[in-house]
Amino acid sequence: MLRISFISKNREKILFRLKKRNFKKIYLIDEVLLLDKKRKKIQNILNKILEKENILSKKIGKLLIKNKNYELNDIKNKCILSKNKKKKLKKELKDILFIINQKLINIPNIPDKYVNKNFDKNNILFKEKKIKKLVNNPLPHWELTKKFNLFDLSLGSKMCGTGFSVYIDKCAKLQRSLIQYFLDINIKYSYKEYNLPYLINEMSGISTGQIPDKENQMYFIENDKLYLIPTGEVPLMNCYRDKIFNENDLPIKATTYTPCFRREAGSYGTKSKGINRLHQFDKVEIIQITSSKNSNYALKNMILHVKNIIISLNLPFRILRLTGPDLGYSSSITYDIEVYSIAQKKWLEVSSISNCTNFQSNRLNIKYKNNVTGEIALCHTLNGSSLAIPRILVTLLENYQTNYQINIPKVLIPYTGFDSIK
RNA sequence: GGAGAGAUGGCAGAGUGGUUAAUUGCGACGGUCUUGAAAACCGUUGAGGGUUUACUUCCUCCGAGGGUUCGAAUCCCUCUCUCUCCGCCA
């Protein structure tokens, strides 16, 4: 959520930047500003009434001590006169704050100055040039599973419909090994591990920006008014609600493994073969909370971190900067990391790393105290996948296949306990 | 699910209608002392929102939302959460 003080000082800039997103409800900006002016007016009048009342009330207290009861009624009557007016103003103020809030919630974060509206070659920051094959005609994973019994989608659909996968035997263990491996690396680079609930309430979804934007992409449990998490970012970030950090204690770095649940409603065209896109998938997530001046550095740091993990697995990859219209609701700038599957001849997104600046922290109320000035300011929040499991799994299976077996990357063997799937 | 207790500042913990943003302790920060540190002593120490060019000044906030009252941390109602005991259960 953007701050009103920020909007009123940067109206032109915000309008310009939001256009990069193709944001339709641009009129909300001016509406909010107008309402805020109104709010200030009301607040001002109310404050003055309250001040008068406070003074009179204190007077009554003093008179009571001195037993001067005869003067009391006179003062009391004065107070009663303003009582209705006070009530009315309080209600007005409350209503207007509610409306402003509703409007603010519906305004996404403004894109960074480096974010373009349209895709061009400048959006590709890095791309692997040579991609080597181990076999001549590599099979896609849905063919490989017929040979090696890796996973079973029909079992999944038997119990809960399409888009749910059952992993079997060594593939199940490979998947678990990946989770363990990613967590271990994250921890090694001082991300603190959290194990979190997979259900969240409405407030948590609003604070990280999934609601109202992605509300119907989430599974909702009507009985208890809870959502299944679409990403570990939501509960992880919500751990830090209402905190004021000392600048010295920043950055906060945290990681978590969670399954992610997504309805993928409306994405018929992308209903893809195999396990490229599922309603439930595993992901290891990293987040950082920084001061406003360090978020850029943290973003680069996180990209490098994820990049190194992919390199350790020897997977071909590329890094893209997302365009404005592709940007997530809370993000000001996002980099996607994609790995290349030689069997599918396709790039698969395995990580999305975003700087949400102070958009989430405004909602979450995460702040820090400046070392020098002692001033309190909103933190910046960042999140990234490190990494999404199924697509890494897919690419490993497909890129590491030979005619007789699937090899396991060296770094994973200590975790799997086997060096190939036959 | 049943019964009871509770929710106050970074933490601990007083406060049951009248200068109470709130005693006190701890922590943190600054200072005195010290070669340095500790101890001791002194001082500072919540957030949000109006107003003002600024100095200033005012308002709101004691889990959340209502109510009573001239006046609410304190009384009443509703909700949320936490703890203890019992029940059920991995």
Side-chain angles (χ1 to χ4, degrees), chain A residues 1-9 32-104 195-207 221 223-227 235 238-250 252 259 289 291 358 360-379:
Chain A
M1 189 163 79
L2 300 175
R3 287 157 306 157
I4 297 192
S5 58
F6 177 77
I7 295 177
S8 67
K9 278 178 203 154
V32 162
L33 287 176
L34 198 75
L35 284 168
D36 193 50
K37 257 187 198 166
K38 219 167 146 190
R39 187 207 109 233
K40 279 185 186 174
K41 231 181 234 170
I42 296 171
Q43 180 127 46
N44 222 332
I45 301 169
L46 180 64
N47 279 357
K48 275 174 190 157
I49 292 176
L50 287 173
E51 185 184 356
K52 257 185 216 165
E53 262 193 23
N54 285 342
I55 292 168
L56 289 174
S57 293
K58 276 177 191 166
K59 221 177 196 175
I60 291 175
K62 277 179 194 162
L63 288 173
L64 271 175
I65 293 166
K66 291 178 192 162
N67 266 326
K68 292 187 176 176
N69 288 325
Y70 54 93
E71 285 181 39
L72 287 184
N73 284 338
D74 199 36
I75 301 176
K76 275 190 190 176
N77 286 337
K78 268 189 204 167
C79 291
I80 292 168
L81 277 178
S82 60
K83 214 175 176 185
N84 278 334
K85 203 173 174 191
K86 184 178 80 174
K87 240 183 196 171
K88 202 182 135 205
L89 283 171
K90 269 191 180 171
K91 192 179 179 308
E92 258 178 66
L93 191 66
K94 208 186 133 192
D95 289 348
I96 207 165
L97 279 170
F98 178 80
I99 297 171
I100 289 175
N101 200 36
Q102 286 303 306
K103 292 189 189 288
L104 279 177
N195 194 310
L196 300 158
Y198 303 154
L199 295 169
I200 49 151
N201 58 24
E202 188 190 22
M203 185 57 207
S204 301
I206 290 176
S207 48
I221 296 161
N223 267 347
D224 300 289
K225 310 285 180 217
L226 293 171
Y227 297 86
N238 271 280
C239 288
Y240 298 96
R241 244 196 241 175
D242 298 317
K243 285 247 157 107
I244 300 178
F245 294 103
N246 285 321
E247 196 175 353
N248 289 335
D249 298 331
L250 300 175
I252 301 294
I289 298 173
S291 65
N358 61 21
Q360 291 180 329
S361 60
N362 190 29
R363 220 0 142 70
L364 289 157
N365 197 21
I366 307 176
K367 300 174 194 160
Y368 70 100
K369 202 170 201 165
N370 188 296
N371 266 343
V372 186
T373 62
E375 269 173 64
I376 287 173
L378 289 171
C379 288

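Side-chain atoms are counted along with the backbone in the values below, which use heavy atoms only and exclude waters and symmetry mates. Sequence lines set the chain letters: A, B, ... in the order given, protein chains first and strands last, and positions in each chain run from 1.
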Nucleotide N/O of nucleotides 64-66 of chain B paired with protein N/O under 3.5 Å:
residue	atom	partner	partner atom	Å
rG66(B)	OP1	Lys94(A)	NZ	3.0

Separation of the P atoms in rU23(B) and rA14(B), to the nearest angstrom | 14 Å
Which whole-number value in Å describes the distance from Asn371(A) CG to rG30(B) P?
-> 12 Å
Provide the Watson-Crick or G-U wobble partner of rA90(B), both distances under 3.5 Å; none if there is no partner.
-> none
Could you pull out all residues at least two apart from Lys87(A) that satisfy salt bridge (Lys or Arg N to Asp or Glu O under 4.0 Å)?
-> none
For Asp242(A) and rG63(B), give me the distance from atom CG to atom P, rounded to whole Å.
-> 15 Å
Out of curiosity, Ile244(A) CD1 to Cys379(A) SG, how far, rounded to the nearest 0.5 Å?
-> 9.5 Å
Rounded to whole angstroms, how far apart are CG on Leu89(A) and C1' on rG50(B)?
-> 14 Å
Going by number, which of residues 362-370 of chain A have a non-hydrogen atom under 4.0 Å from RNA chain B?
-> Lys367(A)
Side-chain donor/acceptor of Glu247(A) to backbone N/O of Asn371(A), under 3.5 Å | yes
Excluding sequence neighbours, so at least two apart, what forms side-chain contact (heavy atoms from CB on, under 4.5 Å) with Leu56(A)?
-> Ile75(A), Lys78(A), Cys79(A)
In sequence, state the C-alpha distance, the side-chain angles, and the governing distance for Asn238(A) and Ser207(A), and then conclude on side-chain contact (heavy atoms from CB on, under 4.5 Å).
-> CA-CA 8 Å; Asn238(A) 271 280; Ser207(A) 48; 3.1 Å; yes
List the steps, then state whether side-chain contact (heavy atoms from CB on, under 4.5 Å) holds for Leu104(A) with Ile7(A).
-> CA-CA 10 Å; Leu104(A) 279 177; Ile7(A) 295 177; 3.7 Å; yes
Determine, for nucleotides 57-62 of chain B in 5'-to-3' order, which nucleotides have protein heavy atoms under 4.0 Å from the base (write B), from only the sugar-phosphate (write S), or from neither (write -).
-> -SSS--
Applying side-chain contact (heavy atoms from CB on, under 4.5 Å), name anything that partners Pro259(A), two or more places apart in sequence or on another chain.
-> Tyr198(A), Tyr257(A), Phe261(A), Gln280(A), Asp282(A)
Among rG50(B), rA47(B), rG67(B), which nucleotide sits nearest the side chain of Ile376(A)?
-> rA47(B)
Quick one: look up who rA72(B) pairs with, Watson-Crick or G-U, both distances under 3.5 Å, and put none if it's unpaired.
-> none
Span that lies between the C1' atom of rU20(B) and that of rG9(B), in whole angstrom = 13 Å
Taking salt bridge (Lys or Arg N to Asp or Glu O under 4.0 Å) as the test, write out the residues that go with Arg363(A), two or more places apart.
-> none
Determine which nucleotide pairs with rA21(B), using a 3.5 Å limit on both distances of a Watson-Crick or G-U wobble pair.
-> none
Inter-nucleotide P distance (rG15(B), rA54(B)), Å rounded | 43 Å
Only distances under 3.5 Å count here; give the side-chain donor-acceptor pairs of residues 88-97 of chain A to other protein atoms, sequence neighbours excluded, each with its distance to 0.1 Å.
residue	atom	partner	partner atom	Å
Lys91(A)	NZ	Asp95(A)	OD2	2.9

For Lys225(A), which residues count as a side-chain contact (heavy atoms from CB on, under 4.5 Å) partner, sequence neighbours excluded?
-> Phe220(A), Glu222(A)
Ignoring backbone atoms, test whether Lys87(A) places a side-chain nitrogen or oxygen under 4.0 Å from the OP1 or OP2 oxygen of rU68(B).
-> yes
Could you run down nucleotides 72-81 of chain B 5' to 3' and tag each one B, S or - for protein heavy-atom contact under 4.0 Å?
-> ----------
May I ask which nucleotide in the shown strands pairs with rU80(B), Watson-Crick or G-U wobble, both distances under 3.5 Å?
-> rA7(B)
C1' atoms of rG1(B) and rC75(B), separation to the nearest Å | 32 Å
For Met1(A) and Ile206(A), run side-chain contact (heavy atoms from CB on, under 4.5 Å): C-alpha distance rounded to whole Å, both residues' side-chain angles, the deciding distance at 0.1 Å, then the answer.
-> CA-CA 9 Å; Met1(A) 189 163 79; Ile206(A) 290 176; over 6 Å; no
Are Ser57(A) and Asn54(A) linked by a side-chain donor-acceptor pair shorter than 3.5 Å?
-> no
Take Leu56(A) and Lys40(A), find for each the nucleotide of RNA chain B with the closest heavy atom, and name the residue whose nucleotide sits nearer the 5' end.
-> Lys40(A)
In the strands shown, is rU45(B) matched to any nucleotide by a Watson-Crick or G-U wobble pair with both distances under 3.5 Å, and which?
-> rG27(B)
Quick one: Lys52(A) NZ to rG71(B) C1', roughly how many Å, whole number?
-> 18 Å
Expressed as a whole number of Å, how far does the P atom of rA47(B) sit from that of rG10(B)?
-> 8 Å
Nucleotide paired to rC55(B) in any strand shown, Watson-Crick or G-U, under 3.5 Å = none
As its Watson-Crick or G-U partner within any shown strand, both distances under 3.5 Å, rU34(B) has none
side-chain contact (heavy atoms from CB on, under 4.5 Å) assessment of Arg3(A) paired with Leu378(A) = CA-CA 10 Å; Arg3(A) 287 157 306 157; Leu378(A) 289 171; 3.3 Å; yes
Those residues that, when tested against Asn365(A), pass side-chain contact (heavy atoms from CB on, under 4.5 Å) (two or more places apart) = Asp242(A), Lys367(A)
Between CZ of Arg3(A) and P of rG48(B) the distance, given in whole Å, is 12 Å
What interatomic distance, in whole Å, is found between P of rA73(B) and the corresponding atom of rA7(B)?
-> 15 Å
Rounded C1' spacing from rG13(B) to rG18(B) in Å = 24 Å
Taking ring-ring contact (aromatic ring centres under 6.0 Å, His included) as the test, write out the residues that go with Tyr368(A), two or more places apart.
-> none
Taking a pair to mean Watson-Crick or G-U wobble geometry with both distances below 3.5 Å, rU16(B) pairs with none
Within a reach of under 6.0 Å around CD of Gln102(A), are more than 12 heavy atoms found that belong to other residues, nucleotides or ligands?
-> yes
Lys91(A) has an atom NZ; how far is it from atom P of rG67(B), in whole Å?
-> 11 Å
